[in-house]
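In each ligand, atom 1 is the first atom listed, and ligand 1 is the first ligand listed.
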Amino acid sequence: MPVLEAGAHVLRPLTADAFRPFGQVLVADATYTVNLGHADRTDLLASLAHRETAPQLCLSHFDVRPMALPATITELEAHPYTAQVFLPITESRPVVVVALAGPDGRPDPETLAAFLGAPGQAILYDAGVWHAGLTTASDPGHFLMAMWRGSRPDTLVEPLSRPLVVDLAG
Ligand SMILES: NC(=O)N[C@@H](O)C(=O)O
Ligand code: NI
């Protein structure tokens, strides 16, 4: 079981470039239309494996609660067959904690990253990317969540062998 990094991870500003290994950060415009039209990402919200089970597109409203900082993250989750996107409906500062899967499929501690988002940013986790449940840094936030749901289990949860502490920059 990989031992995840101890000590606090300072929340870095969430930018498209910094988040690229984990997915996408998009600015939702006034109509909250997020341009997901990436021609080379035709399976943006569904991997080939999922297509065999005729997945349905799940849309749900997320009432995201703030998390007092510093905060301790004890587990991450991943959706092996589908990307997951969170579109902001209200202004808030999402706290995003992610890691890539290691050779054993579990979160790779070397890839752990913690970000503080800005109001208006939409977050898309690529399929299989480990992430903490979405929270916000101060005010509660409302998001529209989209992901594919099929007949296969769509959420894996991996407890962290060592809690991860995240905090705002000093
Ligand atoms: N409940 C639920 O779907 N939550 C997670 O997938 C998440 O990423 O917050
Ligand atoms: Ni998720």
Would you say [X]'s side chain and [Y]'s backbone share a donor-acceptor pair under 3.5 angstrom?
X: Trp130; Y: Gly105; value: yes
X: Gln84; Y: His79; value: no
X: Ser92; Y: Gly141; value: no

Test item: [X] and [Y] side chains (from C-beta on) under 4.5 Å apart, heavy atoms:
X: Thr136; Y: Arg93; result: no
X: Val95; Y: Leu116; result: yes
X: Leu112; Y: Pro107; result: no
X: His131; Y: Glu77; result: yes
X: Asp139; Y: Glu91; result: no

Could you tell me the residue and atom name of the protein heavy atom closest to [atom], and the distance to it rounded to 0.1 Å?
atom: atom 8 (O) of ligand 1; value: Gln84 OE1, 2.9 Å
atom: atom 5 (C) of ligand 1; value: Glu77 OE2, 2.9 Å
atom: atom 2 (C) of ligand 1; value: Phe62 CZ, 3.4 Å

Enumerate the atoms of ligand 1 whose separation from the nearest heavy atom of [X] is less than 4.0 angstrom.
X: Phe86; answer: 7 (C), 8 (O), 9 (O)
X: Gly133; answer: 9 (O)
X: Leu134; answer: 9 (O)
X: His131; answer: 8 (O)

Check whether Val85 and Leu59 end up in the same hydrophobic cluster, where Ile, Leu, Val, Met, Phe, Trp and Tyr are linked by side-chain heavy atoms less than 4.5 Å apart. yes
Going by the 4.0 angstrom heavy-atom rule, the piece of His79 near ligand 1 is side chain
Do Tyr125 and ligand 1 have an N or O pair less than 3.5 Å apart?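 No - when backbone and side-chain N and O of Tyr125 are compared with those of ligand 1, no distance drops under 3.5 Å.
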Counting only protein N, O or S atoms (no waters) closer than 2.8 Å to the Ni ion (ligand 2) gives 4
- Item | Aromatic ring pairing His142/His61, orientation class (parallel under 30°, perpendicular over 60°, tilted between) | parallel
